[in-house]
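These values consider heavy atoms only, across backbone and side chains, with no hydrogens, waters or symmetry-generated copies. Nothing here was measured: the structure is a model prediction, and the numbers come from that model.
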Protein chains: 2
Amino acid sequence: MIRLSRLSDYGIVILTRLAREPGRAMAASTLARATAVSTAMTGKILKLLARADILVSQRGVRGGYALARPPEAITVAEIIEALDGPIALTSCADPGTHDCGIEALCPARDGWRRINRAIRDALAGITLAEMAQAVPGDLVPTFATPPRAAAPEPAAAASIGAR
Amino acid sequence: MIRLSRLSDYGIVILTRLAREPGRAMAASTLARATAVSTAMTGKILKLLARADILVSQRGVRGGYALARPPEAITVAEIIEALDGPIALTSCADPGTHDCGIEALCPARDGWRRINRAIRDALAGITLAEMAQAVPGDLVPTFATPPRAAAPEPAAAASIGAR
DNA sequence: GGAAATAGAACCGGTTCGGTTCTCTTTCAA
DNA sequence: TTGAAAGAGAACCGAACCGGTTCTATTTCC
């Protein structure tokens with residue numbers, strides 16, 4: 001299974017929440033509450049996203065985070081790269097790093113390059129706006145009928161793709 | 001970084017070697033020598049590929065492995081799925097597994113589904129034949145001038161994408 | 001019947017990752 | 001002016017996963 005890290009997973013959730021009110025800035029604690037991602041985790045993710053210029057941050061008492069651009073101008077590829085690093089199945093296709101040992105002869109390099117590009121294009125073709133559309137209510141509802149536990153664990157409730 | 005597992009990495013290398021002589025069967029030990037993947041690892045990978053009907057195996061003294069189909073009919077997606085399981089960034093898009101907790105409301109599910117499909121299509125569009133084309137000599141040459149160590153470690157020499 | 005090969009499962013150590021905690025800096029308002 | 005609230009950044013830790021090995025059973029040919 002080629003899987004996405006939790007960081008990106010949660011990141012999409014949080015950004016999706018922000019995209020519902022693109023102009024508004026929200027504090028990390030507020031976003032954590034709204035998405036049921038732990039506050040510490042939320043903070044970590046928001047910092048990374050701000051560093052990547054996907055979010056703008058305001059420090060101080062009335063501080064918070066807001067989208068740096070409209071949701072239509074933020075791609076999933078960007079988000080993943082900000083949180084997980086460059087998108088590539090194999091690093092040999094990434095120019096600059098050369099520790100493969102058979103670089104010059106590697107017969108599959110062209111193939112991998114094509115694959116990496118195809119995947120990157122696929123992720124760059126989806127915008128945050130598309131991910132956020134058709135949001136019914138709050139992202140993590142206060143379960144009227146809890147799905148399994150009596151009190152839903154806030155730290156584990158918000159994953160988009162559980163495994 | 002969304003990365004490929006070593007299993008798939010080595011698997012492609014081994015299959016690429018087999019694809020050079022599609023009709024011929026080769027023993028695991030022979031393939032291990034030709035690709036510089038450890039014999040144990042090679043065996044493990046070959047077993048998985050045989051179980052997935054990508055290879056056919058012949059047991060016994062003169063046994064070995066051969067491609068079950070022509071290289072043009074084997075896709076990278078197949079190979080990765082055989083070695084690493086289903087290709088999906090998030091399992092929530094995979095029908096059958098439902099432990100997300102917010103299934104019904106998850107706003108991003110359609111988006112993820114699109115992304116997973118795009119990635120799968122990208123990998124399904126590359127065949128083993130394409131990966132194997134333009135192979136100059138043997139996959140792992142006996143280095144005339146060793147790249148870094150005096151005696152190249154056989155266990156680590158064959159990775160397509162070193163990291 | 002023995003050697004050579006695949007089949008299959010169990011096992012183990014190390015790396016990475018998810019998550020937390022701590023300290024520092026900035027900002028605003030009382 | 002000072003303290004509380006918020007973000008910035010780094011360090012740290014436990015646990016799960018993964019790469020890799022080893023062991024045993026089974027098949028096949030000479």
Side-chain angles (χ1 to χ4, degrees), chain A residues 1-11 13-14 25-33 35-53 55-66 68 80 83-85 91 153-163, chain B residues 1-11 13-14 25-33 35-53 55-66 68 80 83-85 91 153-163:
Chain A
M1 155 96 84
I2 302 176
R3 76 180 192 292
L4 199 66
S5 80
R6 289 250 170 118
L7 232 55
S8 293
D9 186 345
Y10 295 162
V13 174
I14 292 169
M26 300 177 75
S29 59
T30 309
L31 280 168
R33 236 176 296 118
T35 58
V37 177
S38 84
T39 57
M41 203 78 255
T42 304
K44 188 181 194 172
I45 291 166
L46 290 170
K47 286 168 201 169
L48 286 169
L49 293 173
R51 214 180 296 176
D53 292 323
L55 297 178
V56 288
S57 65
Q58 174 62 38
R59 297 173 76 158
V61 179
R62 315 267 334 149
Y65 294 89
I80 294 177
L83 295 173
D84 280 344
S91 60
E153 290 294 331
S159 170
I160 283 180
R163 41 186 87 83
Chain B
M1 157 96 83
I2 302 174
R3 74 181 192 292
L4 200 66
S5 79
R6 289 249 168 119
L7 231 56
S8 293
D9 186 345
Y10 295 161
V13 173
I14 292 169
M26 301 178 75
S29 57
T30 309
L31 281 167
R33 235 177 297 117
T35 58
V37 176
S38 85
T39 57
M41 202 81 255
T42 304
K44 188 180 194 172
I45 289 165
L46 290 169
K47 287 167 200 167
L48 286 169
L49 292 173
R51 214 179 295 174
D53 292 322
L55 297 178
V56 288
S57 65
Q58 174 62 39
R59 297 173 75 155
V61 179
R62 315 268 332 149
Y65 294 90
I80 293 177
L83 296 173
D84 280 345
S91 61
E153 289 295 333
S159 169
I160 284 181
R163 43 187 84 85

Let's test your reading of the model: under 3.5 Å, does the base of D:dG7 pair with the side chain of A:Lys47 as donor and acceptor?
no
For A:Leu7 and C:dG19, give me the distance from atom CG to atom C1', rounded to whole Å.
10 Å
Taking only side-chain nitrogens and oxygens of A:Ser38, does any of them come within less than 4.0 Å of OP1 or OP2 of C:dT20?
yes
Provide, to the nearest angstrom, the distance between the CG atom belonging to A:Leu48 and the C1' atom belonging to C:dC17.
14 Å
hbond_proxy B:Arg59 side chain to D:dT26 base (donor-acceptor, 3.5 Å cutoff):
yes
Heavy atoms under 4.0 Å, any strand shown: does A:Ala27 hit a base, just sugar-phosphate, or nothing?
sugar-phosphate
Quick check on D:dC18: is either OP1 or OP2 less than 4.0 Å from any side-chain nitrogen or oxygen of B:Tyr10?
no
Name the closest nucleotide to the A:Ser57 side chain, picking from D:dG7, C:dG18, D:dC29.
D:dG7
Measure from CD1 on B:Ile45 to C1' on C:dA7 and round the result to the nearest Å.
16 Å
Rounded interatomic separation in angstrom, taking OH from A:Tyr65 and P from C:dT27:
13 Å
For a quick check of understanding: with a heavy-atom distance under 4.0 Å over all strands, which category does A:Gly43 fall into, base, sugar-phosphate or nothing?
nothing
Starting at OH of A:Tyr65, measure out to CD of A:Gln58 and round the result to the nearest 0.5 Å.
11.0 Å
Give one of base, sugar-phosphate or nothing for A:Ala50, where a contact means two heavy atoms less than 4.0 Å apart.
nothing
Treat primed atoms plus P, OP1 and OP2 as sugar-phosphate and everything else as base, then score nucleotides 11-16 of chain D 5' to 3': B for base contact with protein heavy atoms under 4.0 Å, S for sugar-phosphate contact only, - for none.
------
Least distance between heavy atoms, B:Ile80 atom then B:Ser8 atom:
CA-OG, 3.8 Å
Less than 4.0 angstrom between a side-chain N/O of B:Arg6 and OP1 or OP2 of D:dG20, yes or no?
yes
Rounded to whole Å, CG of B:Asp9 lies from P of D:dG19 at a distance of 9 Å
Once rounded to the nearest 0.5 Å, what's the spacing between atom OG1 of B:Thr35 and atom CD1 of B:Ile14?
5.0 Å
Return the value, rounded to whole Å, for the distance between atom CD of A:Gln58 and atom P of C:dT25.
18 Å
Quick one: on DNA chain C, does A:Met41 or A:Val61 contact a more 5' nucleotide (nearest heavy atom)?
A:Met41
Rounded to whole Å, please give me the gap between CE in B:Met26 and C1' in C:dA5.
15 Å
Round to a whole Å and report the spacing from CG of A:Leu46 to P of D:dA5.
19 Å
How many angstroms lie between atom CG of B:Asp53 and atom CZ of B:Arg51, to the nearest 0.5 angstrom?
11.5 Å
Which nucleotide in the list C:dT21, D:dC29, D:dG9 gets nearest to the side chain of A:Arg51?
D:dG9
Which pairs of donor and acceptor atoms, one on a side chain in residues 40-49 of chain B, lie under 3.5 Å apart (sequence neighbours left out)?
residue, atom, partner, partner atom, Å
B:Thr42, OG1, B:Val37, O, 3.4
B:Thr42, OG1, B:Ser38, O, 2.8

